[in-house]
Amino acid sequence: MGLPRPPTPEAFRSPIHDERVVARVGVWLGIAFVVVFVTGLVSHFLQNPLPWMPLLPEPSWGYRVTQGVHVAAGIACLPLLLAKLYAVYPALFESPPVKSPAHALERASVALLVASSIFQLVTGLFNVFQWYPWAFSFVAVHYATAWVVIGSLVIHVGVKLPIIVRALRTRIVDGEIVDEGSVVPAGTLGVDVVAAAGMDGQLSSVPDGENVVLPVPDADGSAATRRGFLAGVAVTVLGLTALTVGQTVRPLAPLAVLAPRDPRVGPQGLPVNKTAAAAGVSETAVDPAWVLRLEGPGGTRELDRAALLAMDLHEAVLPIACVEGWSATARWEGVRVRDLVAMVGAQETADLAVESLQQGGSYSRSVLQHEYVAHDDTLLALRLDGEDLDVDHGFPARIIAPNRPGVLQTKWVARLSVIDGGAA
Amino acid sequence: MREYDATPASTSRGQAALRWVLWIGGAALLAFGVLTALTTVPSTSQRINVLLWLAGGVVVHDAVLVPLALLVGVVVLPRVPPSWRPALRGGLLALAVLGIVAVALVAGAATRANPSVVPQDVGAALALAGIVLVVGVLVGMFLGGARRPR
């Protein structure tokens, strides 16, 4: 026996390898990709706002929803992408592999779309489980790849548009996908195919190409196979979502056996991303000599924790919402940040630099923009659900503001300094 | 056999124009992504690592996962009643997804930085998910069998 030869696209006889299946799974996957892309951009620009972008502290649950949807839709893409690629798999063996420069470009764009999609979903999944078996910066690469995925997806839709339109015009009658012969313009399909379509569902095709008539012994069985495949994909998406989305949707937390986080588990009933030990602040955070340093146009103040607790305290019920998708609501108690900036002669229109006791690291410093500074619920939190903050939640003091990624809610705050434009 | 045509002709002038918009717009988005990668991932070693991961995903999918799925389909499906086949196909898809998530779950638990990351018992979680999968397939097989043959 010699080496097996690669199969031809026509060698794949399953009725699932059919443009009507491909187009339908493709629409679901395409919608999910757009949702993931848009919610991802929301998260990116909340963390890296452009100068002209307004930041909205309302609604307070906004980021919790967009980032929860980002991760949930990304996870739902896994079965959708596997199903889509399975349905089009015969196209991999197109022969000859390249027919023209335009065809080469088209195949290159598909290769890029497939490679970047698999990459984005798999590395994104590993990231929410905090597993980094690679040697590149996840955040930078995830952002750049998002544009590559969406760009090659738009090109792909452009290439396949006539097939997509044709495939989606097939109707579903009595639970089965049948061909809408009347809306297919004569000449679009070969005569043999049109004839076949009239022969009660004998139409079959390779996924990306013109329709070809394959010997289909059991047309009803083929339709049932396609229908069953789509149902199986839908059930898998729903099942996977049910077993993971509880990391964001607290009532479903008991079901979330496959989720990386349980929003009820952690110190004081809240998950932790970076612990005090990991941030290297185990000692400095509980040092009784800790003071908050306030710097503004009106001078500098230093306040210890007792002085902060003696101020006008406010309570805010706000979610902590992580870029990794999990989120949990808690009752925070602390001093309004705008009261603190007023003490050093600044107005609510000031942006504020927040520095942590943590030395180094991308999130040891953050900027609290004036939209947040002015908000009633933006606190330098001292207490959580009626107790002193756990050191892993940022004791002695942390920032909590509405509608904001968790990584920016700086913990173990050491210094607040007014950046500019804040003179009273 | 009709020639395989991966780049079909437009069916109207409007569609042709829309396709050009998609090609140009897509190319612009793609170019922005590549430029962003070149500016934010400056080191050669990181870029090589990204390319390895890009290629690795395709190889694992195209050369391992799909051939395995096809093999299981060819071996198992002809030996079971047609009414069971859709549920078994769906189950195989779910099994592939569970396999990928299991890798993340096990690795996440093994490298967890604090107890609130993957707090659940991973073995029990996977067993439970496996039971859900099997029950789902059995229900699907039952529903497939209950459907009136045409």
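In what follows, chains carry the letters A, B, and so on, assigned in the order in which the sequence lines appear, proteins first and then strands, with residues in each chain numbered from 1.
- Contact count against chain A (heavy-atom pairs under 4.5 Å) is highest for B:Ala94 among B:Ala94, B:Ala28, B:Ala124.
- Residue with the most contacts toward chain B among A:Leu82, A:Val114, A:Thr275, A:Leu78: A:Leu82 (heavy-atom pairs, distance under 4.5 Å).
- Both the backbone and the side chain of A:Leu258 come within less than 4.5 Å of a heavy atom of chain B.
- Between A:Lys160 and A:Glu106, the closest side-chain pair of non-hydrogen atoms falls below 4.5 Å.
- Contacts between B:Val118 and chain A at a heavy-atom distance below 4.5 Å involve backbone atoms as well as side-chain atoms.
- A distance below 6.0 Å separates the ring centres of A:Trp131 and A:Phe126.
- Looking at A:Val272, the atoms closer than 4.5 Å to chain B (heavy atoms on both sides) sit in the backbone and in the side chain alike.
- With a 4.5 Å cut-off on non-hydrogen atoms, A:Tyr132 does not touch chain B at all.
- Of the listed residues (A:Asp392, A:Val257, A:Val235), the greatest number of heavy-atom pairs within a distance under 4.5 Å of chain B belongs to A:Val257.
- Of the two parts of A:Asn273, only the backbone, made up of N, CA, C and O, holds a non-hydrogen atom closer than 4.5 Å to a non-hydrogen atom of chain B.
- When each of B:Val58, B:Leu54, B:Thr40, B:Thr36 is scored by its heavy-atom pairs under 4.5 Å with chain A, the top score falls to B:Leu54.
- Taking both residues in full, the closest heavy atoms of A:Lys99 and A:His103 are given as N-ND1, 3.0 Å, listed atom of the first, atom of the second, then distance.
- For the residue pair A:Ala242 and A:Leu255, the shortest heavy atom distance occurs at O-CB, 3.6 Å.
- In terms of heavy-atom pairs under 4.5 Å with chain A, the best-connected choice from B:Leu18, B:Leu65, B:Thr39, B:Val117 is B:Val117.
- Between chain A and the options B:Val103, B:Leu93, B:Leu52, B:Val60, the largest number of non-hydrogen pairs under 4.5 Å is found for B:Leu93.
- The side-chain heavy atoms of A:Phe119 and A:Val141, taken from C-beta on, include a pair separated by under 4.5 Å.
- Proximity to chain B is limited to the side chain of A:Ile118, based on heavy atoms less than 4.5 angstrom apart.
- Within the 4.5 Å cutoff, the side chain of B:Leu70 has heavy atoms near those of the A:Tyr89 side chain.
- Nearest heavy atom pair, residue A:His393 against residue A:Pro271, reads CE1-O, 3.4 Å.
- Looking only at heavy-atom pairs under 4.5 Å with chain B, the residue among A:Pro162, A:Gly232, A:Ala144 that has the most is A:Pro162.
- Counting only heavy atoms from C-beta outward, the side chains of B:Ser10 and B:Arg19 approach each other to under 4.5 Å.
- Heavy-atom distances place both the backbone and the side chain of B:Asp62 under 4.5 Å from chain A.
- For A:Leu112, the part lying near chain B is the side chain, with the backbone staying farther off; criterion is any non-hydrogen pair under 4.5 Å.
- Counting heavy atoms from C-beta on, the side chains of A:Val159 and B:Trp23 come closer than 4.5 Å.
- Of all residues in residues 77-90 of chain B, those placing a non-hydrogen atom less than 4.5 angstrom from a non-hydrogen atom of chain A are B:Pro86, B:Arg89, B:Gly90.
- Between A:Tyr143 and A:His44, the two ring planes are parallel [angle under 30°; tilted spans 30° to 60°].
- Closest heavy-atom contact between A:Arg261 and B:Ser116: NH1-OG, 2.8 Å.
- The contact between A:Pro133 and chain B is made by backbone and side chain atoms together, counting heavy-atom distances below 4.5 Å.
- Of the atoms belonging to B:Leu38, not a single heavy atom falls under 4.5 Å from chain A.
- Contact annotation for A:Leu153: neither backbone nor side-chain heavy atoms come within less than 4.5 Å of a heavy atom of chain B.
- Of all the listed residues (B:Gly108, B:Gly57, B:Ala104, B:Ala125), the one sharing the greatest number of non-hydrogen pairs under 4.5 Å with chain A is B:Ala104.
- Of the two parts of A:Val165, only the side chain, counted from C-beta on, holds a non-hydrogen atom closer than 4.5 Å to a non-hydrogen atom of chain B.
- Aromatic ring pairs are classed by plane angle as parallel below 30°, tilted from 30° to 60° and perpendicular above 60°; the pair A:Phe37 and A:Trp147 is perpendicular.
- With a 4.5 Å cut-off on non-hydrogen atoms, A:Ala259 touches chain B through its backbone but not through its side chain.
- Counting heavy atoms from C-beta outward, A:Phe12 and A:Pro7 have side chains that approach closer than 4.5 Å.
- Listed options A:Leu125, A:Leu121, A:Val237 were ranked by heavy-atom pairs under 4.5 angstrom with chain B; first place goes to A:Leu125.
- Listed options B:Leu30, B:Val21, B:Leu133, B:Val137 were ranked by heavy-atom pairs under 4.5 angstrom with chain A; first place goes to B:Leu30.
- Heavy atoms of A:Leu161 lying under 4.5 Å from chain B belong to its backbone as well as its side chain.
- Judged by distance alone, the side chain of A:Arg107 and the main-chain N or O of A:Pro97 form a donor-acceptor pair under 3.5 Å.
- Across all non-hydrogen atoms, the minimal contact from A:Ala167 to A:Glu19 is CB-O, 3.5 Å.
- Of the possible polar contacts, none joining the A:His156 side chain to the A:Gly151 backbone as a donor-acceptor pair under 3.5 Å is found.
- Chain B forms more heavy-atom pairs under 4.5 Å with one residue of A:Lys274, A:Gln130, A:Gln247 than with any other, namely A:Gln130.
- For the pair A:Trp134 and A:Asn127, the tightest heavy-atom approach, listed with the atom from each and the gap, is CH2-N, 4.3 Å.
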Decide yes or no on side chain to side chain contact (heavy atoms under 4.5 Å, CB included) for B:Val106 and B:Leu126, but give the supporting numbers first.
CA-CA 10 Å; B:Val106 169; B:Leu126 289 175; 4.2 Å; yes
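- Residue contact with chain B, scored on non-hydrogen atoms closer than 4.5 Å, involves the backbone and the side chain of A:Ala135 alike.
- With a 4.5 Å cut-off on side-chain heavy atoms, A:Leu113 and A:Ile155 do not count as touching.
- Using a 4.5 Å cut-off on side-chain heavy atoms (C-beta onward), B:Leu138 and B:Phe142 make no contact.
- With a 4.5 angstrom heavy-atom cutoff, A:Ala256 touches chain B only via backbone atoms.
- With a 4.5 angstrom heavy-atom cutoff, A:Thr123 touches chain B only via side-chain atoms.
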